[in-house]
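Owing to the predicted nature of the structure, the values given are computational and were not obtained by experimental measurement. Proteins get letters first, then strands, A, B, ... in listed order; numbering begins at 1 in each.
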Protein chains: 2
Amino acid sequence: MATGRTHRPATRSRGIPEATVARLPLYLRALTALSERSVPTVSSEELAAAAGVNSAKLRKDFSYLGSYGTRGVGYDVEYLVYQISRELGLTQDWPVVIVGIGNLGAALANYGGFASRGFRVAALIDADPAMAGKPVAGIPVQHTDDLEKIIKDNGVSIGVIATPAGAAQQVCDRLVAAGVTSILNFAPTVLSVPDGVDVRKVDLSIELQILAFHEQRKAGEETAAGDAALPAATRDDSADQGPDGDVPAVMPA
Amino acid sequence: MATGRTHRPATRSRGIPEATVARLPLYLRALTALSERSVPTVSSEELAAAAGVNSAKLRKDFSYLGSYGTRGVGYDVEYLVYQISRELGLTQDWPVVIVGIGNLGAALANYGGFASRGFRVAALIDADPAMAGKPVAGIPVQHTDDLEKIIKDNGVSIGVIATPAGAAQQVCDRLVAAGVTSILNFAPTVLSVPDGVDVRKVDLSIELQILAFHEQRKAGEETAAGDAALPAATRDDSADQGPDGDVPAVMPA
DNA sequence: ATGTCTTTGTGAACGCGTGCACAAAGATGG
DNA sequence: CCATCTTTGTGCACGCGTTCACAAAGACAT
């Protein structure tokens, strides 16, 4: 979904399907909740319900990791938590940098989910000199000029881009050149990266537009005309997206 | 323009593949950029490159909307912008509410991409009484108690949930009960909704974990042992995700 | 008008992901 | 030790999405 890039053709002896990888964090979350409640074992049916997926799918997903279940009983929660964590690479420390400390970047820096699971915010980077030294989420913001040094000094391989769209590709290029090989992109732009670099995209605008499509379809199926009790001054023809094009995710300052 | 008479032929509007719908906003973005540069026409090859997809895929996607291209020439940019906008339902006004005005909620409220494309932030809602009346992004925050009234008075059908995980399902239930039929969920939880309600999920933690998986795989392929040029003194093993479980996306206050 | 050239639109093949349905495996009880 | 019961692991079929490859369609030059 996020990465429109095809992976390597062969050489995939470890072959865990991409769709399965995307669900592992979901299972892990559900398992962690069970673990905190000291639940010893869980059946595929129960866990699937908690994760919101089909139980057969869950079992097939786990089968790619190995046979970690016990027939007639289910799965050992603690063991499975460990196995999935290990498979996802969460048993090690992943330093990440966030570039673009605007509203969104600051929110990400404060995001608790980052600090957990082995992800550590190693640095915050912004192009605005006025931001330099200013602490956000307890971490001082550093200037873009030092990007390469920051990446290398901290051994960062995962970068988060929360800059305006116009700056994203340039930032991306610098990150990649400095050694980053995985990028989480919040800017509304298509990033082009060399082979071997993974990009995942989170695009709020696109998600909303997809919802609008389905919403419109639902509204059109029920009643053809008046739906909401709203004026809805729709008189635009094409000058709708003129003034903004695609506004950056967040202004850097 | 307006040559296409297909209002809802029931033969084709029904069958737009979900994968295609998800790409339409991408095409729209690229087309809007071209439009602003006053480019009159564009070939599938050029547009596909701009959107980061395969040209055959793009042509097939457009074929679901109808035959809007001219062989030997390409696609009329303005016309296509209009057609896609209409198909996505962006020619009308979509009032949305954002529930949970923490760091992330505030960032979303300030997000330029919301205001554009027909999406209008109709209200900000938070459970914290101290937030009530306080303006965020120029919009006064309202208390959760008034959620139902706000939804109905504004004819809102799209809701954005940016609350902590623990509150998400409850907020979701209230939104749905009040008439919301599309939800964009930023809380790290599986939401259960009745049929007819669409939910899209944005989960930062999951995206990072997917990246970590690939990152680990890349590191393992190259060198079995020492990976980055980093000391990496933190060598934890399993007591990694204990303290947090799954921290809420953003604290509400 | 005719031929050439460009680009669309799509038929067909392929691969991936999903879900069913069931046999195998192990627990449990007599 | 055997019977029964529960739950896993997976073979198989199906449908969706992607990609190739090419004929049809139209622009453009002569």
J.: Applying side-chain hydrogen bond (donor to acceptor under 3.5 Å, both in side chains), run through T32(A) and E36(A) and close with a yes or a no.
T.: CA-CA 6 Å; T32(A) 301; E36(A) 286 171 356; over 6 Å; no
J.: Give each protein N/O atom lying under 3.5 Å from an N/O atom of nucleotides 1-5 of chain D, with the pair distance.
T.:
none

J.: Side chain to side chain contact (heavy atoms under 4.5 Å, CB included) with N54(A): which residues, sequence neighbours excluded?
T.: A56(A), K57(A)
J.: For DNA chain C, whose closest nucleotide is more 5', that of N54(A) or that of G72(A)?
T.: N54(A)
J.: Who are the side chain to side chain contact (heavy atoms under 4.5 Å, CB included) partners of D173(B), not counting sequence neighbours?
T.: Q169(B)
J.: State the CG-OG1 distance between L175(A) and T181(A), to the nearest 0.5 angstrom.
T.: 10.5 Å
J.: Taking heavy atoms of chain B and a 4.0 Å limit, find me the 5'-most and 3'-most nucleotide of DNA chain C within that range.
T.: dT6(C) to dA12(C)
J.: Give, ordered by number, those residues of residues 39-48 of chain A having at least one heavy-atom distance below 4.0 Å to an atom of DNA chain D; if nothing qualifies, reply none.
T.: S43(A), S44(A)
J.: I'd like to check the salt bridge (charged side-chain N to carboxylate O under 4.0 Å, His left out) partners of E215(B); sequence neighbours left out, ordered by chain and number.
T.: K218(B)
J.: Evaluate the criterion side chain to side chain contact (heavy atoms under 4.5 Å, CB included) for residue pair Y111(A) and S205(B); output intermediate values, then yes/no.
T.: CA-CA 9 Å; Y111(A) 177 48; S205(B) 176; 3.5 Å; yes
J.: Would you tabulate the side-chain donor-acceptor contacts of residues 15-27 of chain B under 3.5 Å, counting partners in other chains and residues two or more places apart, or write 'none'?
T.:
unit_1, atom_1, unit_2, atom_2, d
E18(B), OE1, H214(A), NE2, 3.2
E18(B), OE2, H214(A), NE2, 3.0
T20(B), OG1, D61(B), OD1, 2.6
R23(B), NE, Y27(B), OH, 3.4
R23(B), NE, D61(B), OD2, 2.7
R23(B), NH2, D61(B), OD1, 3.1
R23(B), NH2, D61(B), OD2, 3.3
Y27(B), OH, D61(B), OD2, 2.5

J.: Scan nucleotides 9-17 of chain D nucleotide by nucleotide, 5' to 3', and note B when protein non-hydrogen atoms come under 4.0 Å of the base, S if they reach only the sugar-phosphate, - if neither.
T.: BBBB----S
J.: Tell me which pairs pass salt bridge (charged side-chain N to carboxylate O under 4.0 Å, His left out) where either residue lies in residues 46-56 of chain B, with sequence neighbours left out.
T.: none
J.: Please enumerate all residues that pass salt bridge (charged side-chain N to carboxylate O under 4.0 Å, His left out) together with R174(A), with sequence neighbours excluded.
T.: E148(A)
J.: Kindly write out the residues that satisfy side chain to side chain contact (heavy atoms under 4.5 Å, CB included) with T70(B), not counting sequence neighbours, or none if the list is empty.
T.: V73(B)
J.: Indicate yes or no: does D203(A) engage R29(B) in a salt bridge with an N to O separation below 4.0 Å.
T.: yes
J.: Name all residues meeting the side chain to side chain contact (heavy atoms under 4.5 Å, CB included) criterion together with Y79(A); count only those two or more places apart in sequence or in a different chain, and write none if there are none.
T.: Y68(A), D76(A), Q83(A)
